[in-house]
Amino acid sequence: MSENVRVRFAPSPTGALHIGGVRTALFNYLFAKKHKGTFVLRIEDTDQTRYVANAEQYIVDALEWCNIPFDEGPGKNEKFGPYRQSERKDLYKKYADELLEKGWAYYAFDTSEELDAHRKDHEANGKTFIYNWHNREKGRLVNSLVLSEEEVQQKISAGEKYVVRFKTPQDEVLVMQDEVRGEVKVNTNTLDDKVLFKSDGMPTYHLANIVDDHLMEISHVIRGEEWLPSLPLHTLLYRAFEWESPKFAHLSLILKPVGKGKLSKRDGDKLGFPVFPLEYTNEKTGDVSRGYREDGYFSDAFINMLALLGWNPGTEQELFSLEQLVEAFDLARVSKSGAKFSPDKTKWFNQQYLQQKTEEELATLFLPLLEKNNVSSDRTYIQKVVSLIKERAVFVDDFWGLSSFFFENPTEYEAKAAKKQWKETTGDLMTELVTVIETIEDFSIENAQTDIKGWITSKEIGFGKVMQPLRLSLVGKLAGPDLFEIMTMIGKEATIKRIQNAIAALS
RNA sequence: GGCCCGUUCGUCUAGUGGUUAGGACGCAAGGUUUUCAUCCUUGAAACAGGAGUUCGAUUCUCCUACGGGCUACCA
């Protein structure tokens with residue numbers, strides 16, 4: 001790419017950013033970095049009625065946590081600022097006027113009620129109401145194409161509400177190029193004359209978007225597929241302004257794992273997995289939605305998973321660092337079809353990332369959990385514990401459940417296992433085992449193994465008869481790492497104590 | 001309803017006219033671990049349907065079906 005690559009992520013601050021939005025941001029980020037370009041954040045807050053105050057900060061925080069921060073945006077490197085459309089409000093009127101002057105747009109005075117009536121009317125007759133040349137000059141709509149100039153001026157100066165609509169050309173087949181889909185063709189006769197400028201003095205998405213992308217010198221627009229239907233309008237707007245159009249890439253949607261439709265913000269907690277990167281508190285209702293961060297996912301695992309949803313490198317590699325993703329990313333390998341989201345695969349990625357972390361890192365992450373359980377222990381001990389249990393874990397949050405017996409005596413014994421493994425004779429056997437253990441001077445893995453195994457062999461009983469109840473005594477259930485590791489970790493005293501506890505409780 | 005986009009194992013996907021249709025998640029079986037998990041091996045599992053083009057279609061074209069998106073003075 002010889003030109004200067006500038007891409008933007010342009011969310012609307014109406015709430016938390018969900019994973020579909022994060023993926024759009026990610027693909028923009030990867031594309032920008034791949035081409036040594038700039039990743040811009042623009043806040044599209046032209047709809048005052050849907051504005052949510054904490055949303056913008058949430059978006060910034062989410063990108064930060066994902067490690068895909070913007071290069072340019074609100075409060076950062078403001079070369080093309082401001083980056084909030086509400087702060088650019090005065091700008092758009094001028095461009096709407098330009099279109100009006102050139103004859104690419106017109107005033108419309110129809111009220112929402114009148115338009116609804118037209119739509120209903122058409123529907124009743126089995127027709128589709130389109131606000132374009134089919135209807136606009138037939139006298140049933142009130143706009144500057146049918147009204148005289150005096151009438152229009154009169155209405156405006158009388159304070160009558162109006163919008164500015166785009167005047168879609170007639171009888172033309174637009175052939176557009178999409179970077180992931182190839183050619184897209186649309187007949188302009190099927191297009192609505194979209195509102196560009198609202199009666200509240202704000203531009204609509206369509207106008208603001210085109211004006212800002214142009215002014216901010218955006219080279220590639222990478223956005224969700226839900227925008228594909230407005231590509232013709234946007235293409236026409238660039239033509240009307242006589243501006244060079246950026247290249248477009250429309251990303252397929254992320255679908256619900258089960259059932260129908262695209263994943264939406266409301267799905268998350270209902271379906272049992274988060275749809276947001278970070279926990280989010282709804283300002284109005286106070287409802288709290290789960291986040292991947294709070295659920296214990298590593299951000300790099302989360303990003304790795306998202307990158308492979310709708311994109312693939314064409315090789316069999318699945319684990320990518322962010323740098324590797326930047327290196328491998330290519331819009332041409334983005335898939336055209338929608339992808340169902342998979343919570344299972346997300347967990348798998350997290351497990352992979354957890355296994356890759358060092359014991360030092362994991363021990364540090366484990367510390368708060370230990371504190372929560374009122375356990376303090378020395379660092380080397382904790383690291384040793386982590387090394388013994390990490391391969392069983394998917395999340396750091398699993399650690400305590402997998403290792404509590406390294407820090408405190410079991411307080412209960414799993415009933416089913418006890419019933420099966422603790423027979424009538426087990427008590428006596430365990431008592432004898434205690435005496436064996438007591439005689440081991442240097443309580444190392446090797447010595448414990450030699451002595452205990454030797455004793456079992458001499459007794460001519462099955463290993464299971466001893467080892468299973470022993471495990472039950474030390475762990476409280478039939479799970480966990482090698483028993484000799486556990487015994488030497490907790491020490492001779494605790495081992496004996498736990499066996500005696502078990503004898504008292506189970507015999 | 002109209003317009004647009006899509007359709008390979010249950011899911012994510014590789015595949016660009018000739019392949020035993022490959023990988024991953026998940027699932028199942030076996031092995032390892034005298035436990036559990038990990039790990040290893042193996043297995044089941046897919047080209048939506050129909051026409052055409054072609055010596056030959058998963059791959060190209062058309063139709064149908066299905067899925068998805070949009071259809072607001074929301075983005």
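All values reported here derive from a predicted model rather than from experimental measurement. Quick note on labels: first sequence line is chain A, next is B, and so on, each numbered from 1.
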Tell me the partner of B:C74, counting only Watson-Crick (N1-N3 plus N6-O4 or O6-N4) or G-U wobble (N1-O2 and O6-N3) with both under 3.5 Å; none if nothing fits. none

Compare the minimum distances between each of B:C73, B:U13, B:U35 and the side chain of A:Ala479, then state the nucleotide with the smallest one. B:U35

Among B:C12, B:A75, B:G69, which is the nearest nucleotide to the side chain of A:Pro229? B:G69

Under 3.5 Å, N/O pairs linking protein and nucleotides 57-59 of chain B:
none

Side chain of A:Thr190 only, heavy atoms from C-beta on: which candidate in B:C3, B:C70, B:C73 is closest? B:C3

Output the single nucleotide from B:A24, B:G68, B:C3 whose closest atom is nearest the side chain of A:Leu253. B:G68

Interatomic distance where CD belongs to A:Gln85 and C1' belongs to B:C74 [whole Å]: 13 Å

Contact summary for A:Arg181 and A:Leu228, nearest pair of heavy atoms: CD-CD2, 3.8 Å

Phosphate contact (B:U13 OP1 or OP2) by A:Lys345 side-chain N/O below 4.0 Å: no

Check whether any side-chain nitrogen or oxygen of A:Asn312 sits under 4.0 Å from OP1 or OP2 of B:U13, and answer yes or no. no

Compare the minimum distances between each of B:G2, B:U13, B:C25 and the side chain of A:Asp344, then state the nucleotide with the smallest one. B:C25

Taking B:U38 as the reference, what is the distance to B:A29 when you measure between their P atoms (whole Å, please)? 14 Å

What integer distance in Å separates A:Phe405:CZ from B:U35:C1'? 11 Å

Centroid separation A:Phe395 to A:Tyr297 less than 6.0 Å: yes

Using purine N1 to pyrimidine N3 plus N6-O4 or O6-N4 for Watson-Crick, or N1-O2 and O6-N3 for G-U wobble, both under 3.5 Å, which nucleotide pairs with B:C3? B:G69

Kindly say whether, by distance alone, the side chain of A:Arg181 makes a donor-acceptor pair under 3.5 Å with the base of B:C5? no

Is the distance from OP1 or OP2 of B:A75 to the nearest side-chain N or O of A:Thr204 less than 4.0 Å? no

Paired to B:A37 by Watson-Crick or G-U wobble criteria (both distances under 3.5 Å) is none

For A:Ala117, does its backbone N or O pair with a side-chain atom of A:Asp121 as donor and acceptor, under 3.5 Å? no

Main-chain N/O of A:Ala16 paired to A:Lys265 side chain as donor or acceptor, under 3.5 Å: yes

If you only use heavy atoms from C-beta on, which nucleotide in B:G69, B:U7, B:A72 is closest to the side chain of A:Lys262? B:G69

Using a strict cut-off of less than 4.0 Å between a Lys/Arg side-chain nitrogen and an Asp/Glu carboxylate oxygen, indicate whether A:Arg8 and A:Asp213 qualify as a salt bridge. yes

Verify whether the ring centers belonging to A:Phe27 and A:Phe329 lie closer than 6.0 Å. yes

Which nucleotide wins on minimum distance to the side chain of A:Glu316, given the candidates B:G23, B:C4, B:A75? B:G23

Pick the C1' atom in B:U35 and in B:C27, then give their distance to the nearest Å. 24 Å

B:G10 and B:A28: how far apart are their C1' atoms, nearest whole angstrom? 14 Å

From NZ of A:Lys347 over to C1' of B:C12, roughly how many Å is that when rounded to an integer? 17 Å

Please state the P separation for the pair B:A46 and B:U8 - nearest whole angstrom. 14 Å

Check this for me: does the side-chain of A:Ser199 come within 3.5 Å of the base of B:C73 through a donor and an acceptor? yes

Below 4.0 Å: OP1/OP2 of B:G1 and any side-chain N or O of A:Lys120: no

Watson-Crick or G-U counterpart of B:A28, or none if no pair lies under 3.5 Å: B:U42

Counting only side-chain N and O atoms of A:Lys477, is one of them less than 4.0 Å from OP1 or OP2 of B:U35? no

Does A:Phe366 have its ring centroid less than 6.0 Å away from the ring centroid of A:Phe399? yes

Calculate the interatomic distance between A:Asp121 atom CG and B:G1 atom C1'; express it in whole Å. 15 Å

What is the distance, rounded to the nearest whole Å, between atom CZ of A:Phe349 and atom P of B:U13? 12 Å

Choosing from B:G6, B:C5, B:U71, which nucleotide comes nearest the side chain of A:Asp192? B:U71

I'd like to know if A:Lys93 and A:Asp97 make a salt bridge, using a cut-off of under 4.0 Å between side-chain N and carboxylate O. yes

Give a yes/no answer on whether the side chain of A:Ser342 brings an N or O atom under 4.0 Å of OP1 or OP2 in B:G26. no

Which nucleotide in the list B:C73, B:A14, B:U71 gets nearest to the side chain of A:Arg165? B:C73

Got a donor-acceptor contact below 3.5 angstrom from the A:Tyr92 side chain to the A:Met202 backbone? no

Gap between atom CD1 of A:Ile499 and atom CG of A:Leu474 - 0.5 Å precision: 6.0 Å

C1' atom, B:U58 versus B:G1: distance in rounded Å? 34 Å

Of the listed B:C73, B:C12, B:U71, the closest approach to the A:Val195 side chain comes from B:C73

For B:U19, which nucleotide is its Watson-Crick or G-U wobble mate, given both distances must be under 3.5 Å? none

Tabulate atom names and distances for all N/O pairs under 3.5 angstrom spanning the protein and nucleotides 37-41 of chain B.
unit_1 : atom_1 : unit_2   : atom_2 : d
B:A37  : N1     : A:Glu391 : OE2    : 3.4

Over how many whole Å does the gap from A:Arg333 atom CZ to B:A14 atom P extend? 6 Å

Taking the six-membered ring for Trp, is the centroid-to-centroid distance between A:Phe298 and A:Tyr353 below 6.0 Å? no

Pairing partner (Watson-Crick or G-U wobble, both distances under 3.5 angstrom) of B:U61: B:A51

Nearest heavy-atom neighbours spanning A:Phe484 and A:Gln449: CE2-CA, 3.6 Å

